[in-house]
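Down below is the structure, laid out as structure tokens.
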Amino acid sequence: AVKELARLGKRIDDHYKKPMDIEWAMEKDQVFIVQARPVTTLNKGGKAEEKVEKEGEEESTAKIIIKGETASRGVYSGRVRLIKDASELNKIQKGDILVTMMTTPDMVPAMQKAGAIVTDEGGMTCHAAIVSREMGIPCIVGTEHATEILKDGQEITVNATHGIVYEGKVEIKVEEKPISSGEHGETIITATDIKVIMDLPDVAARAAQTGADGVGLVRLEIMIANAGIHPAEYIRQDKDEDYKNMLKEGIGKIAKAFLHKPVWVRCSDIRTDEYRNLQGGDKEPKETDPMIGWHAIRRLLDEPRILKAEFQAIKELHDEGLSNVGIMLPFVIRVDEVKAAKKIMREMGLEPCKDIDFGVMIETPAACWIIEDLCREGISFVSFGTNDLTQLTLGIDRNNQRISKLFDEMHPAVLGELAKVIKVCRRHGVKTSICGQAGSRPEMADFLVHQGVDSISANVDAVDEIRMVVARTEKKLLLEKER
Ligand code: PEP
Ligand code: MG
């Protein structure tokens with residue numbers, strides 16, 4: 001039968017003389033060809049990529065310069081602008097291709113001008129890679145040598161969808177997927193809420209187009225980076241009010257775009273190494289490992305004026321009718337942190353959990369271990385920050401390209417934590433959600449729905465796919481119950 005299958009395959013190949021996708025079936029040793037159609041996703045080298053034409057020439061003449069990991073899909077041709085450090089960021093003109101060692105959050109304003117982005121280092125969960133996805137700017141990370149190989153001013157084509165950089169201007173046909181719900185001709189309604197991750201107020205309308213059930217994570221750091229001043233610097237200059245107003249304006253834009261839908265804002269999570277280029281950033285302490293250093297809620301409780309300004313911004317939005325804004329605390333490891341933050345919120349005139357959705361991010365193994373106590377303390381929801389949770393559970397630096405192949409949110413240790421936390425939260429009536437990058441992975445969405453998660457947040461470009469995966473899993477679960 002195997003020989004027969006090979007013979008039929010050869011006949012089809014001889015007939016069509018191109019790579020074919022062949023479906024076959026077998027019954028009692030007899031082979032049946034069910035369908036044969038051309039493979040449209042192969043190039044001449046046999047590698048999976050779309051058809052590339054170099055100014056009318058064949059695709060094979062387009063020279064590949066370097067490859068990396070897709071951070072944000074899309075294709076773009078333009079001139080390289082090499083950025084060695086943040087002091088050179090003003091070199092970026094609109095439409096340039098930003099090439100740099102490692103994208104950091106304080107590069108966001110320059111990224112917004114770029115036509116595409118290529119980095120040596122960084123992975124899928126690097127903040128700026130996430131931002132490029134949100135802005136819809138093609139981005140390739142982890143090329144290792146882009147800053148050595150690409151020359152300033154050189155013309156290149158970035159095929160970020162496939163993680164390839166070509167020399168010169170190469171025309172690449174891509175099928176753009178529209179950002180809209182129900183692209184399959186129907187409106188899919190899921191019992192699990194499908195939300196979006198959203199950091200840039202200026203593109204809130206684009207995110208709202210997804211038809212998402214709300215925003216599962218607003219990162220304040222991006223607004224802060226755009227404003228150019230470090231939060232600690234506002235306080236040093238007694239400009240708490242300016243900080244509050246800047247946040248209020250940004251969060252307000254997002255809250256309006258998602259009117260009557262929950263918008264969960266995370267208190268600032270500023271690592272000491274990532275925002276050095278902001279005004280006052282040079283005063284940040286030097287730490288051996290900022291990832292596990294002085295940031296998030298532990299820092300905010302040491303510098304409560306920053307936290308107060310953030311709460312105040314949200315309180316004023318509530319007063320103006322935008323009561324859809326909720327708040328969550330990042331990097332929690334102790335019940336005391338939640339207690340202290342609640343106390344400050346009450347001083348601002350908002351009763352946590354009653355006047356406002358008040359949640360905790362689960363992004364440390366510690367938070368998983370103390371989940372019962374966190375629920376007892378009283379929280380409206382938890383949201384899994386799987387980027388940090390995976391980093392800390394597996395002991396894998398999320399920004400280290402060399403070990404990125406080991407970074408996997410589907411590791412049984414991480415899944416065990418998620419399952420346990422959901423189980424405990426359900427018992428206490430605390431809602432569960434995910435806002436880490438893994439929320440955009442179909443297999444993670446499937447797993448979480450099985451565990452009974454209440455909502456899933458995905459990147460803007462992944463909302464449609466995740467919605468479909470969730471709908472399928474929910475249906476399967478229902479059918480299993482009926483049997
Ligand atoms: C996370 O850790 O999963 C998360 C959402 O936070 P960040 O990526 O900003 O650390
Ligand atoms: Mg985190």
Side-chain angles (χ1 to χ4, degrees), residues 71-72 102-108 122-134 141 195-200 215-225 231 263-275 289-300 310 326-333 337 359-368 381-400 404 407-411 413-415 417-418 421 432-441 444-445 448 453 455-460 462 466:
S72 170
M102 167 75 161
T103 49
T104 53
D106 52 8
M107 289 187 180
V108 169
M124 289 294 285
T125 67
C126 118
H127 276 225
I130 292 168
V131 171
S132 66
R133 271 195 292 275
E134 205 173 291
V141 294
K195 298 183 182 173
V196 74
I197 293 169
M198 156 89 271
D199 310 305
L200 293 162
V215 183
L217 170 65
V218 177
R219 286 186 174 93
L220 294 184
E221 302 81 64
I222 312 297
M223 287 176 215
I224 293 167
V263 170
W264 290 343
V265 174
R266 177 179 75 182
C267 298
S268 61
D269 188 349
I270 304 270
R271 299 183 189 99
T272 51
D273 62 333
E274 287 178 329
Y275 299 89
D289 195 346
M291 274 288 189
I292 48 174
W294 193 47
H295 70 99
I297 191 62
R298 58 185 66 163
R299 175 169 187 167
L300 290 169
E310 292 171 7
I327 189 93
M328 56 186 178
L329 310 178
F331 226 70
V332 164
I333 57 166
E337 293 165 338
V360 159
M361 287 193 58
I362 303 294
E363 44 187 355
T364 63
C368 300
F381 67 91
V382 298
S383 184
F384 294 114
T386 40
N387 306 338
D388 278 313
L389 186 60
T390 306
Q391 162 168 265
L392 297 175
T393 302
L394 305 184
I396 302 279
D397 174 355
R398 60 194 258 190
N399 284 338
N400 187 338
S404 67
F407 187 95
D408 182 14
E409 302 98 331
M410 298 304 289
H411 187 289
V414 180
L415 296 185
E417 288 170 331
L418 304 184
V421 169
T432 52
S433 190
I434 180 170
C435 63
Q437 182 55 27
S440 298
R441 288 183 69 175
M444 179 57 89
L448 290 173
V453 82
S455 64
I456 293 178
S457 302
N459 300 319
V460 172
I466 293 303

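Both ligands and their constituent atoms are indexed starting at 1 by order of listing.
Counting heavy atoms under 4.0 Å from ligand 1, residue Leu217 touches it through the side chain alone. Contacts between Arg219 and ligand 1 below 4.0 angstrom, taking non-hydrogen atoms only, involve the side chain exclusively. At a heavy-atom cutoff of 4.0 Å, ligand 1 is contacted by no atom of Met291, backbone or side chain. Of the heavy atoms in Asn387, both backbone and side-chain atoms come closer than 4.0 Å to ligand 1.
For Arg271, the heavy-atom gap to ligand 1 drops under 4.0 angstrom. Remark: distances from the non-hydrogen atoms of Gln391 to ligand 1 are all 4.0 Å or more.
Ile292 places a side-chain heavy atom less than 4.5 Å from the side chain of Leu392.
When Glu221, Arg266, Glu409 are ranked by how near their heavy atoms come to atom 7 (P) of ligand 1, first place goes to Arg266.
Annotation: salt bridge (Lys or Arg N to Asp or Glu O under 4.0 Å) contacts of Asp397 (sequence neighbours excluded): none. In this structure Ala445 satisfies the side chain to side chain contact (heavy atoms under 4.5 Å, CB included) test together with Ile456, Ile466, Val469, Val470, sequence neighbours excluded.
Near Asp388, the atoms of ligand 1 lying under 4.0 angstrom from a non-hydrogen atom of the residue are 1 (C), 2 (O), 3 (O), 10 (O). Each of the following atoms of ligand 1 lies closer than 4.0 Å to a heavy atom of Gly385: 1 (C), 2 (O), 3 (O). Near Glu363, meaning under 4.0 Å from one of its heavy atoms, ligand 1 places the atoms 1 (C), 2 (O), 4 (C), 6 (O). Of all the atoms in ligand 1, the ones that sit under 4.0 Å from a non-hydrogen atom of Arg398 are 2 (O), 7 (P), 8 (O), 10 (O). Per-residue contacts place Met361 under 4.0 angstrom from the following atoms of ligand 1 (heavy atoms of the residue considered): 4 (C), 5 (C). Against a heavy-atom cut-off of under 4.0 Å, Gly436 is close to the following atoms of ligand 1: 3 (O), 5 (C).
The existence of a salt bridge linking Asp199 and Arg133 is excluded, since no basic side-chain nitrogen approaches an acidic carboxylate oxygen closer than 4.0 Å. Using a 4.0 Å cut-off between a side-chain N of Lys or Arg and a carboxylate O of Asp or Glu, Asp388 and Arg266 do not qualify as a salt bridge. Between Arg298 and Glu337 there is no salt bridge, since no side-chain N of the basic residue sits under 4.0 Å from a carboxylate O of the acidic one.
With rounding to the nearest 0.5 Å, the separation of SG in Cys267 from CG in Leu329 is 5.0 Å.
Under a 3.5 Å cut-off, the side chain of Thr364 and the backbone N or O of Ala367 do form a donor-acceptor pair.
Residue-level check: among N/O/S atoms of Glu363, OE1 sits closest to the Mg ion (ligand 2). Nearest N/O/S atom of Asp388 relative to the Mg ion (ligand 2): this is OD2.
Side-chain contact of Glu221 with Ser268: a donor-acceptor pair under 3.5 Å is absent, judged by distance alone.
Heavy-atom minimum distance, Ala458 versus Gly439: CB-O, 4.0 Å.
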